[in-house]
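Numbers for residues simply follow the sequence, beginning at 1.
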Amino acid sequence: MRSYRIFSHLAKVLQHNSVKTSTLVGRVQIGWPLISLPVTLSFDGVEGKWGQRLKSYLQKPIQAFVPGPIMGDTSENTSKLDSQTASNQAPVSQGDSKPTERMQTLQEHLTQRTDEHNEEQSRQNTQEPSEASAACSSGQPNTKVQKTDHQEGDGASSSSEQPHKTHLFVEVADHQWPIVYSTEYNIGFLGMEKLHPFDSGKWGKVFQFLREEGMLSEATIVRPLEATEADLLVVHSSSYINSLRENIGSAIPEWSITVAGITEVPPVALLPNFVVQKKVLKPLRTQTGGTILAAKLAMERGWAINVGGGFHHCSSDRGGGFCAYADITLSIKFLLELGLIKKAMIVDLDAHQGNGHARDFMDMMDKVYIMDVYNRNIYPHDGFAKRGIRRKVELDFFTGDEEYLDKVYNHLKKALEEFEPDIIVYNAGTDCLEGDPLGALSITAEGIKNRDQIVFEFAKKERDKPIPVLMVTSGGYQRNNARIIADSILNLRQKGLIGCQAAEEHQAKRKKKTGSSGSPSSPESATTPSSGASSPTSPTSGEPRRGLLDWFKR
């Protein structure tokens with residue numbers, strides 16, 4: 001257990017607001033990441049109009065450090081927690097106050113920079129004209145949806161109201177892969193990100209590996225925009241969004257503590273608000289915008305991959321487990337709003353239970369089918385959220401390739417027999433990889449490639465009409481996860497399960513002009529770094545073979 005003194009930070013806040021202090025002590029007690037322990041803060045001798053506000057703030061139970069809800073099996077437990085929290089909260093002084101002129105200037109500056117960035121990203125996505133007429137596909141004709149903004153649905157919308165306008169659906173050229181990534185995805189804040197085992201630069205490494213293999217370039221990637229508050233409110237409650245940011249006039253950065261709990265990096269609570277906003281939440285909002293955009297691209301192109309996203313522990317009113325925004329829920333709700341789908345299936349193969357979207361769709365199980373394969377012995381142990389999972393597959397510690405792939409195959413086959421979705425949202429977490437300190441499973445790198453191939457083959461080859469697939473990368477807590485994700489994407493391309501002929505031709509022309517060498521433009525001739533000379537007799541060893549599902553059928 002570690003403790004972090006926050007005396008200096010709170011003392012500066014109090015002195016700035018002319019609050020007299022004699023003694024001030026603050027301690028944050030934490031355990032190993034993803035294991036929640038209580039938070040205790042205490043103080044003495046605080047006076048002045050901010051004293052009561054600080055006292056109220058420090059005495060409140062800090063639920064943000066419990067990554068998720070009460071982990072019992074009944075909603076009664078949740079009600080008990082809510083009533084207990086309400087009774088423990090002291091009244092907050094409503095004294096009139098104004099933010100400092102400096103903070104106001106900083107906030108205005110950040111808002112201006114965000115607007116400028118969004119305009120630049122939108123311009124970059126459309127600055128190069130298409131150099132090929134063929135569209136991206138994966139074995140079926142392009143069915144590009146002629147909607148570039150929210151439009152009224154055709155009866156599949158979950159709301160009768162006119163959908164709000166959004167800037168997230170940027171124009172995408174034919175020569176761009178339906179693969180979404182931005183340098184804004186990567187998180188870095190004074191080295192504090194290293195206190196969590198999650199590789200906060202994983203997404204950039206995936207892009208770099210794919211670029212080195214000749215598959216992607218700056219010109220063929222789709223750059224997403226940051227999700228706005230209006231976008232987030234399609235799913236999230238106002239109270240939750242407000243908890244993630246500074247309340248105007250508040251002397252204490254409440255939302256920094258909330259974000260520290262969600263990211264499970266307690267020192268984040270000590271950072272100034274604008275730093276947490278720019279370095280932590282903005283990247284997560286950009287990834288969320290990327291998932292929403294990729295969902296629409298999947299409906300247009302037949303498939304799409306967001307190099308980030310997959311925040312499956314976040315629901316409409318709470319975050320946890322490094323998940324601040326419910327991007328999977330948002331992507332499906334946007335498609336329902338647009339009238340592009342009537343039913344969706346979530347295939348969650350991250351090692352952890354996806355309790356966030358399970359809670360969000362608990363009342364929509366006729367429209368959203370969830371299949372979740374996870375280690376039953378690890379976080380979040382959310383018994384209540386299990387009610388929202390139609391097909392839950394619980395694994396034990398250190399489950400290996402053979403058992404894992406067999407269960408994925410058989411349960412996905414049965415799920416698609418029970419339910420016919422208009423899209424599959426595939427949460428392809430790689431924390432099931434052997435050696436992962438949090439996933440505690442024993443799946444090899446080849447096993448992960450085979451797993452991804454199984455999902456895409458079921459969607460593309462096992463039916464008359466292919467099902468669009470949206471893939472997000474979710475969890476993974478080892479430094480080699482990025483390489484494995486990139487190799488799996490390359491394998492899907494090699495097997496012809498994903499492709500974009502216009503992007504391949506565009507890339508080939510650029511290489512011809514520059515005289516550079518790289519991967520062949522044909523998906524069938526493209527190879528992965530670990531390709532072998534012969535096909536294996538089993539899907540659990542060696543290079544994945546074409547038609548992997550045929551092996552299971554035997």
Side-chain angles (χ1 to χ4, degrees), residues 135-145 177-180 291 294-307 309-310 312 328 331-332 335 340-350 354 357 367-373 390-391 393 404-429 447-474 485 488-500 523 539 544-553:
C136 297
S137 64
S138 52
Q140 74 271 24
N142 178 46
T143 55
K144 190 167 184 178
V145 180
W177 287 87
I179 298 178
V180 181
T291 301
K296 184 167 178 286
L297 278 174
M299 297 304 299
E300 295 174 354
R301 305 281 188 93
W303 66 275
I305 298 173
N306 183 13
V307 174
H312 64 158
I328 292 177
S331 66
I332 293 175
L335 293 180
L340 298 180
I341 65 170
K342 294 183 179 180
K343 296 188 295 183
M345 176 180 288
I346 298 172
V347 177
D348 193 339
L349 301 186
D350 186 275
H357 49 66
K367 292 185 177 180
V368 181
Y369 184 110
I370 298 176
M371 170 181 156
D372 199 345
V373 182
R390 288 276 293 273
R391 182 169 289 274
V393 184
Y404 179 77
L405 292 174
D406 186 65
K407 287 185 174 180
V408 168
Y409 170 84
N410 286 306
H411 284 279
L412 184 54
K413 183 176 184 292
K414 292 176 182 178
L416 289 170
E417 290 172 354
E418 296 173 0
F419 191 84
E420 296 183 5
D422 299 315
I423 187 173
I424 293 176
V425 180
Y426 174 35
N427 195 42
I448 290 176
K449 289 165 63 176
N450 284 318
R451 177 200 69 176
D452 295 348
Q453 184 176 335
I454 288 172
V455 174
F456 274 80
E457 282 192 0
F458 262 118
K460 302 299 179 186
K461 293 187 175 182
E462 290 298 298
R463 55 209 69 256
D464 296 333
K465 181 181 179 182
I467 303 172
V469 179
L470 161 61
M471 174 176 163
V472 290
T473 58
S474 200
I485 293 170
S488 183
I489 293 174
L490 290 168
N491 177 63
L492 294 174
R493 175 197 184 204
Q494 179 191 7
K495 304 303 180 185
L497 295 169
I498 64 174
C500 184
R545 57 186 290 175
R546 172 175 291 283
L548 192 60
L549 299 188
D550 294 336
W551 188 90
F552 286 96
K553 289 176 182 178

Donor-acceptor contact present, side-chain [X] to main-chain [Y], <3.5 Å:
{"X": "S474", "Y": "G310", "result": "yes"}
{"X": "R463", "Y": "L416", "result": "no"}
{"X": "K460", "Y": "G302", "result": "yes"}

Q: Walk me through it: do D348 and H357 pass the test side-chain hydrogen bond (donor to acceptor under 3.5 Å, both in side chains)?
A: CA-CA 10 Å; D348 193 339; H357 49 66; 3.1 Å; yes
I need the [X] [atom1] to [Y] [atom2] distance, nearest 0.5 Å.
{"X": "K367", "Y": "D422", "atom1": "NZ", "atom2": "CG", "result": "11.0 Å"}
{"X": "I485", "Y": "I305", "atom1": "CD1", "atom2": "CD1", "result": "10.0 Å"}
{"X": "L492", "Y": "F456", "atom1": "CG", "atom2": "CZ", "result": "5.5 Å"}
{"X": "L335", "Y": "I423", "atom1": "CG", "atom2": "CD1", "result": "5.0 Å"}
{"X": "N491", "Y": "I448", "atom1": "CG", "atom2": "CD1", "result": "12.5 Å"}

Going by heavy atoms in the side chains, are [X] and [Y] under 4.5 Å from each other?
{"X": "D372", "Y": "H312", "value": "no"}
{"X": "R451", "Y": "Y426", "value": "yes"}
{"X": "P178", "Y": "E300", "value": "no"}
{"X": "W177", "Y": "R493", "value": "yes"}
{"X": "H411", "Y": "V373", "value": "no"}
{"X": "R390", "Y": "V368", "value": "no"}

(Q) Going by the rule salt bridge (charged side-chain N to carboxylate O under 4.0 Å, His left out), which residues pair with K407 if we only count those two or more places apart in sequence or in a different chain? (A) E403
Q: Please lay out, stage by stage, how L349 and Y404 fare under the test side chain to side chain contact (heavy atoms under 4.5 Å, CB included).
A: CA-CA 10 Å; L349 301 186; Y404 179 77; 3.8 Å; yes
Identify the heavy atoms of [X] and [Y] that sit nearest to each other, and give their distance.
{"X": "D350", "Y": "G429", "value": "OD2-CA, 3.6 Å"}
{"X": "A415", "Y": "R391", "value": "N-NE, 4.0 Å"}
{"X": "S488", "Y": "D452", "value": "OG-OD2, 2.5 Å"}
{"X": "L340", "Y": "M299", "value": "O-CE, 3.5 Å"}
{"X": "Q453", "Y": "L497", "value": "CG-CD1, 3.8 Å"}

(Q) Does this structure show an ion pair linking E418 with K414, if we count only N-O contacts that are shorter than 4.0 Å? (A) no
Q: Mind checking side chain to side chain contact (heavy atoms under 4.5 Å, CB included) for T291 and listing every partner two or more places apart, or none if nothing turns up?
A: N306, D327, S331, L470, V472
Q) Could K343 and F419 be counted as a cation-pi pair, given that NZ or CZ must be under 6.0 Å from the ring centre and within 45° of the axis? A) yes
Q. Hey, mind stepping through I332 and I346 against side chain to side chain contact (heavy atoms under 4.5 Å, CB included) and telling me if it holds?
A. CA-CA 9 Å; I332 293 175; I346 298 172; 3.7 Å; yes
Q.
Taking atom NZ as the centre, does K413 end up with more than 12 heavy-atom neighbours from other residues, nucleotides or ligands that are less than 6.0 angstrom away?
A. no
Q: For Y369 and V347, run side chain to side chain contact (heavy atoms under 4.5 Å, CB included): C-alpha distance rounded to whole Å, both residues' side-chain angles, the deciding distance at 0.1 Å, then the answer.
A: CA-CA 9 Å; Y369 184 110; V347 177; over 6 Å; no
